[in-house]
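What follows is one structure encoded as structure tokens, with my remarks underneath.
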Amino acid sequence: MNLTLKVWRQAGPTAPGQFETYEARDISEDMSFLEVLDVVNEDLNDRGIEPIAFEHDCREGICGSCGVMINGQAHGPGFRTATCQLHMRLFKDGDSITVEPWRAASFPLIRDLVVNRSAFDRIIESGGFISVNTGSAVEANMIPIPKVVSDAAMDAAECIGCGACVASCPNGAASLFTAAKMQHLNLLPQGQAERWQRTQSMVETMEDFFGSCTSHGECQFACPKGISIDVIAYMNRDYLKSMSKNRKLGGQGLTT
Amino acid sequence: MELKSAIPEGPIEDLWDGHRFNMRLVNPANKRRFNVIVVGTGLAGASAAASLAELGYGVTVFSYHDSPRRAHSIAAQGGINAAKNYQNDGDSIHRLFYDTVKGGDFRSREANVYRLAQLSVNIIDQCVAQGVPFAREYGGQLENRSFGGVQVSRTFYARGQTGQQLLLGAYQALMRQVGTGAVTLYPRTEMLDLVTVDGRAVGVTVRDLQTGEISSHSAHAVILATGGYGNVYYLSTNAKKSNATAAWRAHKKGAAFANPCFTQIHPTCIPASGEHQSKLTLMSESLRNDGRIWVPKDETDQRSPSDIPEAERDYYLERQYPAFGNLVPRDVASRAAKRQVDNGRGVGPLKNGVYLDFGSAIDRLGQPEIEERYGNLFEMYDRITGEDPYETPMRIYPATHYTMGGLWVDYNLMSSIPGLFVGGEANFSDHGANRLGASALMQGLADGYFVLPNTVSDYLAGLLGQGAVGTDHAAFRESRAEVEDQTKRYLSNKGTHSVDYFHKALGHIVWEKIGMERTATGLQEAMRDISSLREDFRRDVRVLGSGESLNDSLEKAGRVADFFDLAELIARDALHREESCGGHFRVEHQTEDGEAARDDDNFSYVAAWEWQGEGKPQILNKEQLEFEHVHPAQRSYK
Ligand SMILES: Cc1cc2nc3c(=O)[nH]c(=O)nc-3n(C[C@H](O)[C@H](O)[C@H](O)COP(=O)(O)OP(=O)(O)OC[C@H]3O[C@@H](n4cnc5c(N)ncnc54)[C@H](O)[C@@H]3O)c2cc1C
Ligand code: FES
């Protein structure tokens, strides 16, 4: 099939950007979306035009590197599918496809389709972990965990940190990302010791960088892992609780 | 070059314990005075950096990824081994040790492998404590499965995303240390040179991929955990950006490169669908537990697989290897598939695959059970190929997956350059000529969590009172100048073809001639072809854009240049190794029934190649291997 791509080009964070139109010819339906960009880039390079910068690595939908807006949809039309796993079967000959970077103020643009998502790392750094130094762990089967709990933690832990939730949210909120990590850790027995500090600290860091959630729900449809917004309800509940828990503990001089 | 393996004396069970007791310690107040550079944030790098920071050292971390969480380790699917014997099925540290030495076709060091098996149990404890959501039984205990050619169930897994969950655990531990200020993290920063002074590693030269700035960083020790070199084949299951540059530049500074020809081809990947193919996707090996591999008996059979009756199918692995059947090790399964396809019995539109059929498993266990076990893999297959594996058998074909070779290291994981340590897939240490499934994650984490924090401390103890070498030292200046020069050279080259064009062409040579089966003539041809293609590359590569902003082609140009040199060394190593073992199969050296014929009398050694300068062939150094506990025998899976 032959396609027309309208791609956002921008040389740098402060340079002006614009759409450029490129033709992609003889595209097979077995190709992935990123392979189409490869083909276009190969052609651009041959013509002396700088290739389109886009982020990618695993091309298996797991590293979370890739991600662009395709016809206004984060990761495009595939259900639960990251851009790298989107195959051209979902398009037809003659289609015109608009390709843009993630749109969110908290993800500043670096070049073309590449944005800076390091605000996600700041949220994890603020509490998205269980503090256990190497060597201090107990024997693994000393911590029995009901299968349902473990499965629910895993459902949330599947997040790949791509940022589609933020890009698809009209508020640019990162609630799905933050809540997924929180649910993973707060559900598990190992995560209880730091639960309330973790919750407060992650939510507050999130608010420093991102917009606020108004339960729009777009994020869960954009999420390539199908993480449900139930995790956000869980986060909100834990956040409320953390207020009183942390105050009580604080009143007793038990937290800083 | 003298290769000292530094294996301590004593009974194998006590080596590591005894060694730790004999190591020098650094007292807590002094730890702060030491700085360690870690390059790479995969399982090995992230775990090493977090653990060293927990000990109190200052740690500087570099990764070319935008976040440590994106490292290639994230893509591992199947699981991680540990000798917990939770299943009471006869597993033990000794058995994991034995299986790994045998699986590696007797080309690994016993002492290292024994330690790996011992540490495997600590890894699981550590990861569970961090919150890694491994699969569990209804009673709340950890679940296990059997994996890739072993007969006990010792593999721990988190759905089909074990690597992801383990890496996120290590990443979170690392980010916690970034939060405390103990780790300084430089994402989107690529190491382009190792700096040595008086033969010791004292720092690195890096390039900020966003601004193009080239800078120097010094430290008391440098750890490379930069992953494997499978992308030398262009098409592989590795992440697109995985490359050998960090290891190769260290090699050029004097670090010996060991067993480069030991590369692993994984039997269960989705076959390429055409010329546009940019990488290959692995279908987890666990699928072979329930899937049956076959091809039509008649090579002209055009029917759809469901119309081919049982009697007209050749379940060739079950036929040739009745004891192990579909569970033979990777190298054996891969070669068997290649032979079927080479004989014209391949299936699919390009006749480049074999069937992996779940029909009988679905009949036996029911579709829900198969969904529970492999649901996400089936979904992924469907998404990529547009075919539903519940209805029609999967098509699979071997692809490059893992590299057992890597920088030579001693028992302490120190390379032949003092102060340069190497962990994870980047070193050659534990897998010999063939890696068993679910053992790379184990090795990366054993290196990072438990080995390096001890051995690096011991090295640092010897440097007490010495400051790090300043980055104004001539060695740093020269290294910066050289890196700058290289960058400029690519940008000013007035060529006509893209970097990918050359990488593909190189990959084609390496796959055809240094792939699953190798011959002396093929290898000699490969060396000639690589060398002439490298000339074309130097003359004719075209890298557009500038060196002052994000420039993918520029990054790739440097990496592909190193792949050319590495490919040549792989061929040289494969040519000199006149035997077949593990992933290295020389057509001239096979048994009567077509199995690998090892030559223990002449090749029971590690081949460690020493750089001699641009354009000169490397020199071979040998580290002899001793087997006191597992006696070399012909592997038999019949
Ligand atoms: C598809 C797939 C599935 C797998 N499944 C399994 C499995 O089920 N079980 C198992 O045991 N093993 C599995 N493996 C193998 C295993 O995943 C890898 O061997 C292992 O994860 C390697 O980890 P690492 O830490 O050594 O390196 P990597 O994870 O590759 O990390 C390399 C790091 O180094 C950085 N880096 C590299 N070069 C530079 C440079 N020059 N400058 C700065 N940074 C640099 C990168 O940014 C990255 O952070 C699988 C591999 C693949 C491809
Ligand atoms: S490239 Fe890794 S998720 Fe798409």
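Numbered from 1 within each chain, the chains take letters A, B, ... in sequence-line order.
Most heavy-atom pairs under 4.5 Å with chain B: of the set A:I110, A:D38, A:D46, this distinction falls to A:I110. Most heavy-atom pairs under 4.5 Å with chain B: of the set A:G48, A:A11, A:S126, A:P189, this distinction falls to A:G48. Residue with the most contacts toward chain B among A:V36, A:D151, A:V39: A:D151 (heavy-atom pairs, distance under 4.5 Å). Per-residue heavy-atom pair counts under 4.5 Å with chain A were compared for B:D552, B:V178, B:T237, B:N551, and the maximum is reached by B:V178. With respect to chain B, the highest number of heavy-atom pairs below 4.5 Å among A:A53, A:G128, A:P146, A:G191 belongs to A:G128. Between chain B and the residues A:T134, A:N116, A:L34, the largest count of heavy-atom pairs under 4.5 Å involves A:T134. Looking only at heavy-atom pairs under 4.5 Å with chain B, the residue among A:I160, A:L86, A:L44, A:I27 that has the most is A:I160. Per-residue heavy-atom pair counts under 4.5 Å with chain A were compared for B:T281, B:L282, B:I124, and the maximum is reached by B:T281. Of all the listed residues (B:Q165, B:E143, B:Q177), the one sharing the greatest number of non-hydrogen pairs under 4.5 Å with chain A is B:Q165.
Between B:I74 atom CD1 and A:I62 atom CD1 the span is 6.0 Å, to the nearest 0.5 Å. To the nearest 0.5 Å, atom CD1 of residue A:I145 and atom CZ of residue B:R136 are 3.5 Å apart. A distance of 13.5 Å separates CG of B:N238 from CZ of A:R59, quoted to the nearest 0.5 Å. Summarising the geometry, atom NE2 belonging to A:H56 is positioned 13.0 Å from atom CZ belonging to B:R70; distances are rounded to the nearest 0.5 Å. Distance check, rounded to the nearest 0.5 Å: OG of B:S273 to CD of A:E35 gives 6.5 Å. Here the OG-CZ distance, from A:S65 to B:R69, works out to 10.0 Å after rounding to the nearest 0.5 Å.
Heavy atoms closer than 4.5 Å to chain B are found nowhere in A:D43, neither backbone nor side chain. Using a 4.5 Å cut-off between heavy atoms, B:Q126 touches chain A through backbone and side chain atoms alike. B:Q141 touches chain A through backbone and side chain together, each having a heavy atom under 4.5 Å away. Residue B:L550 touches chain A through both its backbone and its side chain, counting heavy-atom pairs closer than 4.5 Å. For chain A, the nearby parts of B:D66 are the backbone and the side chain; heavy atoms of each come within less than 4.5 Å. With a 4.5 Å cut-off on non-hydrogen atoms, B:E548 does not touch chain A at all. In this structure, the portion of B:S553 lying under 4.5 Å from any heavy atom of chain A is its side chain and not its backbone. Neither the backbone nor the side chain of A:S118 comes within contact range of chain B; no heavy atoms are under 4.5 Å apart. For chain A, the nearby part of B:T385 is the backbone; its heavy atoms alone come within less than 4.5 Å. B:E137 touches chain A through its backbone: at least one of N, CA, C or O sits under 4.5 Å from a heavy atom, while the side chain does not. When heavy atoms are compared at a cutoff of 4.5 Å, B:Q130 approaches chain A by way of both its backbone and its side chain. In this structure, the portion of B:L280 lying under 4.5 Å from any heavy atom of chain A is its backbone and not its side chain. For A:V149, no part lies near chain B; criterion is any non-hydrogen pair under 4.5 Å.
Electrostatic pairing of A:E158 and B:R159 counts as a salt bridge here, judged by a charged N lying under 4.0 Å from a carboxylate O. Salt bridge present: B:R188 and A:E55 bring a charged side-chain N and a carboxylate O closer than 4.0 Å. In this structure, B:K84 pairs ionically with A:E139, as a charged nitrogen and a carboxylate oxygen lie closer than 4.0 Å.
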Assess the residue pair B:Q277 and A:M31 against the criterion (side-chain contact (heavy atoms from CB on, under 4.5 Å)); give the C-alpha distance rounded to whole Å, side-chain angles, the decisive distance to 0.1 Å, and a yes or no.
CA-CA 7 Å; B:Q277 193 82 28; A:M31 286 165 82; over 6 Å; no

May I have the step-by-step check of side-chain contact (heavy atoms from CB on, under 4.5 Å) for B:L174 and A:F129, ending in yes or no?
CA-CA 9 Å; B:L174 173 64; A:F129 48 75; over 6 Å; no

Derivation and outcome, side-chain contact (heavy atoms from CB on, under 4.5 Å), residues B:S67 and A:R117:
CA-CA 8 Å; B:S67 163; A:R117 290 168 288 191; over 6 Å; no

Step-by-step side-chain contact (heavy atoms from CB on, under 4.5 Å) determination, B:V128 to A:I143:
CA-CA 8 Å; B:V128 166; A:I143 319 172; 4.1 Å; yes

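Between B:Y171 and A:F120 the shortest heavy-atom distance is OH-O, 4.5 Å. Of all non-hydrogen atoms in B:A129 and A:A137, the two that sit nearest each other are CB-CB, 3.6 Å. Closest of all the heavy-atom pairs between A:A140 and B:D125 is N-OD1, 2.8 Å. For B:G131 against A:Q190, the heavy-atom pair with the smallest separation is CA-NE2, 3.9 Å.
No side-chain donor-acceptor contact under 3.5 Å links A:E29 to the backbone of B:G386. In this structure, the side chain of B:D500 does not engage the main chain of A:E42 through any donor-acceptor pair within 3.5 Å.
The closest side-chain donor-acceptor pair between A:N45 and B:Y501, if any, does not fall under 3.5 angstrom. In this model, a donor atom of one side chain and an acceptor atom of the other lie less than 3.5 Å apart for A:R111 and B:S549. There is a side-chain donor-acceptor pair under 3.5 Å between A:D57 and B:H65.
Test A:V132, A:N133, A:I124, A:I130 against B:R176 for side-chain contact (heavy atoms from CB on, under 4.5 Å) and you get one pass: A:N133.
Within a 6.0 Å radius of CD in B:E275, no more than 12 heavy atoms belonging to other residues, nucleotides or ligands are found.
Under the 4.5 Å side-chain criterion, counting only non-hydrogen atoms from C-beta, A:M154 is in contact with B:Q161. A 4.5 Å side-chain heavy-atom check between A:R80 and B:R383 finds every atom pair outside the cut-off.
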